[in-house]
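Notes follow the structure.
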Amino acid sequence: MSSITAPLRRALRTDLTASTVVFLVALPLCVGVAVASGVPAELGLVTGIVGGLVVGLLPGSSLQVSGPAAGLTVLVAETVDAYGLRVLGVVVLAAGLLQLALGGLRLGRWFRAISVAVVEGMLAGIGLVIIAGQLYVMAGVKAPASGLAKIAHLPGLAADLVASAPAATAFTVGAGTIVVTALWSRLPARVRVVPGALAAVVLATIITTSLHLPVAKIEVRGLLDVIQPPGPAEVGRLTDLGVLAAIMAFALIASAETLFCAAAVDRMHDGPRTDYDRELLAQGVGNTLCGLLGALPMTGVIMRSAANVQAGAKTRLSRVLHGVWLLLFAALLPAVLGLIPVAALAGVLIHAGFKLLPVGKLVPLWRAHRGEAVILVVTAVAIVTLNMFEGVLIGLALAVVKAAWETSHIQVEVDDAGDGPVLVRLAGNATFLRLPTMLDTLEALPTDRPIELDLIGLRHLDHACRTALATWTERHNRESAERVRLIQESV
């Protein structure tokens, strides 16, 4: 009996420790994502609590931790600006139901078929918009509406910092938060037990409070006060095409981000692998509940999940307990939130946004796969200049075009020894996209020589190319004294 209980006790101890670490990582991010999204800070905690207590209990990925993610910040802010906070609940609720349907149809694994370049481009675009937008928040200045305008007005922001002492003070607090967060990983291991983001926020809070610095603090309303289930009027907005587009965007982007995160987490540990369909169902349950509570959408979050694995978590108990700690904090210590400078949370989000940028991957990707690099950059730029949904659609369209172009690659080789038959070899995939190239080569062949057309190397021959080959062969045989001899297997 003791041989059975000893490993169990060790697992419980490591899960308890891991849950504390994840809680400390999640706390500033839950609050920061909510503030950056333009919603009450407590709603970020609500989503984190649901991600722990509800999704944490469900099967799917055993060690992935769910909660509000920086990757959806831009989309949430756009939705709240366009339709209001209460409609956000309807959007999240419907997106959760759509995820349940996708999971029930066992489509979870197909999200892995989404181009990695599109996903990384999406995250890069989000990171750029977060960084640009939160620079204004750090200074306590209202940010322009569009991502392109945020970037274009950065020189004006610099002028505001020079002209306004309060803006410069707040910006300094945020910049200090970024520096502490970035340099925290270089400190001794015993110090790094406390996550860098939490340490930076606590330090900024202590300094601003003790020195009575004139910086904006988080507005606290209370956990129960911010929970506003959507009513009939908000549900009626489901007939709005813009709302339906937002639902599709939330469901698809949250699902893709979650399942890519799950795949990454699986590479970090040797435990049970993720069941993608069940994980999609779990996310659907979580987002449905978040929608009913009027909270933020959730995804699997790599930062919290990596902290969970690195802290030694063995079972899903760690992620459930992290939800318990978030609930206790929100219920017992809500006033603490009112002491946190908004600029410090903006600094945390800027650091998180920078980590979404593929800084070290872009140059090697360009050298090895230029098409993928172009898709990544175009997707990111489209998100910054247009919006999240249209940017992702452009990225997906480019990925499809690239795949179609690559799969339609055909090699046409002409072997002409000067006398005797002319040997023409076709290899690869003959599709209508390369039909002009193929026909140009065939029509340039001599009409007074025998032609041997070798089709054995063709992997695919679509209807357009098959018809064109038959037409060319018939015309060549009619106009030439020498006939075309086909060398082929079943194509």
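Numbering starts at 1 and runs along the sequence shown.
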Flag side-chain contact, heavy atom, 4.5 Å: [X] against [Y]:
X    : Y    : result
V25  : L198 : no
V87  : T79  : no
T379 : I394 : no
F171 : V141 : no
H322 : V21  : no
T208 : V173 : yes
C261 : S305 : yes
L24  : W325 : no

Donor-acceptor under 3.5 Å ([X] side chain, [Y] main chain):
X    : Y    : result
E279 : S61  : yes
R319 : G56  : yes
W184 : V194 : yes
N287 : L93  : no
Y136 : K150 : yes
S164 : D160 : no
R86  : G294 : no
R237 : V243 : no
K217 : I340 : no

Would you sort out whether N308 and S318 count as a side chain to side chain donor-acceptor pair (under 3.5 Å), showing the intermediate values? CA-CA 7 Å; N308 192 37; S318 61; 2.8 Å; yes
Inter-residue atom distance [X].[atom1] - [Y].[atom2], 0.5 Å rounding:
X    : Y    : atom1 : atom2 : result
L321 : R316 : CG    : CZ    : 13.0 Å
I131 : L349 : CD1   : CG    : 10.5 Å
M248 : L393 : CE    : CG    : 9.0 Å
I350 : I178 : CD1   : CD1   : 4.0 Å
E42  : L224 : CD    : CG    : 10.5 Å

Determine, stepwise, if the pair V215 / V342 fulfils side chain to side chain contact (heavy atoms under 4.5 Å, CB included). CA-CA 8 Å; V215 295; V342 174; over 6 Å; no
Closest contact, heavy atoms only, [X] versus [Y]:
X    : Y    : value
A167 : L161 : O-CD2, 3.6 Å
A330 : I49  : CB-CD1, 4.4 Å
N429 : I410 : O-CB, 3.7 Å
I218 : L337 : CB-O, 3.3 Å
Q134 : A36  : NE2-CB, 3.4 Å
I151 : A132 : CG1-CB, 4.0 Å

One pair to check against side chain to side chain contact (heavy atoms under 4.5 Å, CB included): L157 and L135. What are the steps and the verdict? CA-CA 8 Å; L157 175 63; L135 286 172; 3.9 Å; yes
Which pairs of donor and acceptor atoms, one on a side chain in residues 354-378, lie under 3.5 Å apart (sequence neighbours left out)?
residue	atom	partner	partner atom	Å
K361	NZ	E120	OE2	3.1
E372	OE2	K402	NZ	2.9

Qualifying residue for side-chain contact (heavy atoms from CB on, under 4.5 Å) with V50, from L293, L296, L45: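 Of the listed options, the one satisfying the test is L293.
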Can you confirm whether the side chains of S255 and Q99 place a donor and an acceptor under 3.5 Å from each other?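 Yes, side-chain donor-acceptor contact under 3.5 Å.
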Answer yes if the side chains of D266 and T274 hold a donor-acceptor pair under 3.5 Å, and no otherwise.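 A pair is found: one side chain offers a donor N or O, the other an acceptor, under 3.5 Å apart.
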R273, CZ: over 12 other non-hydrogen atoms inside 6.0 angstrom: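 More than 12 heavy atoms, drawn from other residues, nucleotides or ligands, come within 6.0 Å of this atom.
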Side chain to side chain donor-acceptor pair (under 3.5 Å): which pairs involve residues 194-205, sequence neighbours left out?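 Those involving residues 194-205 do not exist here.
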Identify each donor-acceptor pair in which a side-chain atom of residues 66-78 lies under 3.5 Å from a protein atom, sequence neighbours left out, and give them as a table.
residue	atom	partner	partner atom	Å
S66	OG	Q283	NE2	2.8
T73	OG1	A70	O	3.0

